[in-house]
Amino acid sequence: MEIKAGIFVILGIALLSTGVECIPRRGLSAATVFDITSFGAKPGGKKDSALAMIRTWNKACESTEAAKVVIPEGEFRAGEVVFQGPCTAPKPIVIEIQGTLLADTDLSVFTSNYWVSIEHVDGVEVTGGGTFNGRGEDVWQFDADEKIKNAPLLPVSLVFQNANHSSIHGIKFVNSKGFHMKVSDCSEFSVSKLHISAPGNSPNTDGVHISGSTNVNVTDLVVGTGDDCVSIGDGNTNLLVANVTCGPGHGISIGSLGKREQETDVNGVTVRNCTLIGTSNGARIKTFRASPKLKASSIVFEDLILQNVTNPIIIDQDYGSKSKIEPSNVEISNVHFRNIKGTAAIRKPAITLTCSESVPCKGVELSDIDIVPVEGAKGKLKPNACLNIKAVFKGKSNPGAC
Ligand SMILES: *[C@@H]1O[C@H](CO)[C@@H](O)[C@H](O)[C@H]1NC(C)=O
Ligand SMILES: *[C@@H]1O[C@H](CO)[C@@H](O)[C@H](O)[C@H]1NC(C)=O
Ligand SMILES: *[C@@H]1O[C@H](CO)[C@@H](O)[C@H](O)[C@H]1NC(C)=O
Ligand SMILES: *[C@@H]1O[C@H](CO)[C@@H](O)[C@H](O)[C@H]1NC(C)=O
Ligand SMILES: *[C@@H]1O[C@H](CO)[C@@H](O)[C@H](O)[C@H]1NC(C)=O
């Protein structure tokens, strides 16, 4: 809504005073500002601001001018929130989070598998230095307790679903209930400058999960959680992960692939210049046994620094239920592990390449690998373990080839 004449201002104030309608502000930038507190959101963490946030988004989305949603300083509690397109506002619609969003701790308010979802929109930019606090510490025990078989699927803090030409940068995430962030079915997407943290023993708190997406960059992150730092699911094409520091957690993983029938191939993943500290894996590709036929190809892990990593380089096609006799049908090819250096815990081999007996790995190259036992380790690294693969070793090769 644009305010041009006095009569509209008066009308606007009249509407505001009834609490029904709100006046968007013009910020210093060209965009019209839609502040959630003008739509009923209240800081302090007591009142639920989900509906106010959705109403704010809807107004920004249907704007005909550049629009910015502002979540100001303060703590805003919210249950499930959906920001849905398509929108008429010119792209990108900016969502500036200055304050902290606090997830509701009552799981029954989450009807889908997310807390905040941004979906079916072309051009969104999430930024502002603010925080998504998932408050998972109150619900993690449901997941950790194996006795509770039908534990609820815990909501992901932020999901981008079918959001193209979009980005998120300069945001913090803490203690998500489920994953911290997911990018699903997106193209031309950039994730950068995020700080993600949850305790090392929190269950399924992956940092960033990407699936079904094309041309995605994930750069300049610091991630410490209880699960994968960056996990790369099925259906991804041309993905770059660079300048990421991980730990604690499970490291950077392609997969697990092949759990579900309808999965699609992974093609073109580069993981470059990342540091992994005290993680259970470094560079990992994992696929399920008895999987559908799939391909994972053109994969590069390069310039990685490892500190005290348990499985520095691992392909595991035996993932999931060991009772399944049928091997994995995910064909892994054209994989390069280059310039990977640092220290390993000595409980597992530095290099484990367990490929499928039905579709052995093809074109796997390891060059300039230099992994030594972590300081203070009592003993040597276990011998490398390779199965159904003829890997090519080039350059420095410590602790040796297969
Ligand atoms: C995003 O891009 C994909 C593939 O390019 C396309 O199928 C989809 O409709 C686009 N979505 C939106 C919301 O523009
Ligand atoms: C990803 O990074 C590459 C260069 O590193 C750049 O050419 C490309 O435009 C970036 N893509 C996105 C979606 O940011
Ligand atoms: C990695 O970080 C360096 C230093 O900040 C920067 O120059 C480079 O562009 C970053 N790489 C990517 C792919 O973002
Ligand atoms: C590698 O990433 C780190 C941050 O994780 C950055 O400081 C450094 O400049 C990057 N180096 C290159 C060559 O991109
Ligand atoms: C390596 O990690 C293990 C836990 O996996 C820890 O007990 C040990 O203290 C670490 N060593 C160093 C030198 O950081």
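When a ligand or atom number is given, it counts from 1 through the structure's own listing order.
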* atom 14 (O) of ligand 1 protein-contacted, heavy-atom criterion under 4.0 angstrom -> yes

* Asked: Which of the numbered atoms in ligand 2 are below 4.0 angstrom from a heavy atom of S190?
  -> 14 (O)

* Asked: Do the rings of F337 and F301 sit parallel, tilted or perpendicular, given the 30° and 60° boundaries?
  -> parallel

* **Backbone or side-chain N or O of N164 under 3.5 Å from ligand 1 N or O** => yes

* Is the shortest side-chain N to carboxylate O distance from K259 to D234 below 4.0 Å? -> no

* Checking S356 side chain against S328 main chain: does a donor-acceptor pair fall under 3.5 Å? -> yes

* To do: If you have a sec, work out which protein heavy atom is nearest atom 4 (C) of ligand 1 and how many Å separate them, to one decimal?
  => S187 OG, 4.5 Å

* To do: Would you indicate which of N308, I277, T343, I346 comes nearest to atom 10 (C) of ligand 5 when only heavy atoms are counted?
  => N308

* N273 and D303 side chains, donor-acceptor separation under 3.5 Å -> no

* To do: For the pair F132 and W115, name the ring-plane relationship: parallel under 30°, tilted 30 to 60°, perpendicular over 60°.
  => perpendicular

* What residue and heavy atom of the protein are closest to atom 5 (O) of ligand 5, and at what distance? -> R347 NH2, 3.7 Å

* Using a strict cut-off of 4.0 Å, indicate which atoms of ligand 2 neighbour a heavy atom of E188. => 13 (C)

* Classify the ring geometry between F189 and F160 as parallel (under 30°), tilted (30 to 60°) or perpendicular (over 60°). => perpendicular

* To do: Please report which non-hydrogen protein atom sits nearest to atom 11 (N) of ligand 2, along with the residue it belongs to and the distance in Å to one decimal place.
  => N217 ND2, 3.0 Å

* Is the closest protein non-hydrogen atom to atom 2 (O) of ligand 2 under 4.0 Å? -> yes

* Of the backbone atoms (N, CA, C, O) and the side-chain heavy atoms from C-beta on, which set of N162 has a member under 4.0 Å from an atom of ligand 1: side chain, backbone, both, or neither? -> both

* Asked: With a cut-off of 4.0 Å, which atoms of ligand 5 are near a heavy atom of E375?
  -> 13 (C)

* Asked: Once you find the SG atom in C87 and the one in C61, is the distance between them below 2.5 Å?
  -> yes

* Run the side-chain hydrogen bond (donor to acceptor under 3.5 Å, both in side chains) check on N162 and E119 step by step: do they pass? -> CA-CA 6 Å; N162 185 24; E119 54 191 49; over 6 Å; no

* Asked: Considering only heavy atoms, does N215 approach ligand 2 within less than 4.0 Å through its side chain, its backbone, both, or neither?
  -> backbone

* Is any N or O atom of H120, backbone or side chain, closer than 3.5 Å to an N or O atom of ligand 1? -> no

* Donor-acceptor pair, side chain of K394 and main chain of E365, under 3.5 angstrom -> no

* Heavy atoms of the protein only: does one fall short of 4.0 Å from atom 7 (O) of ligand 5? -> no

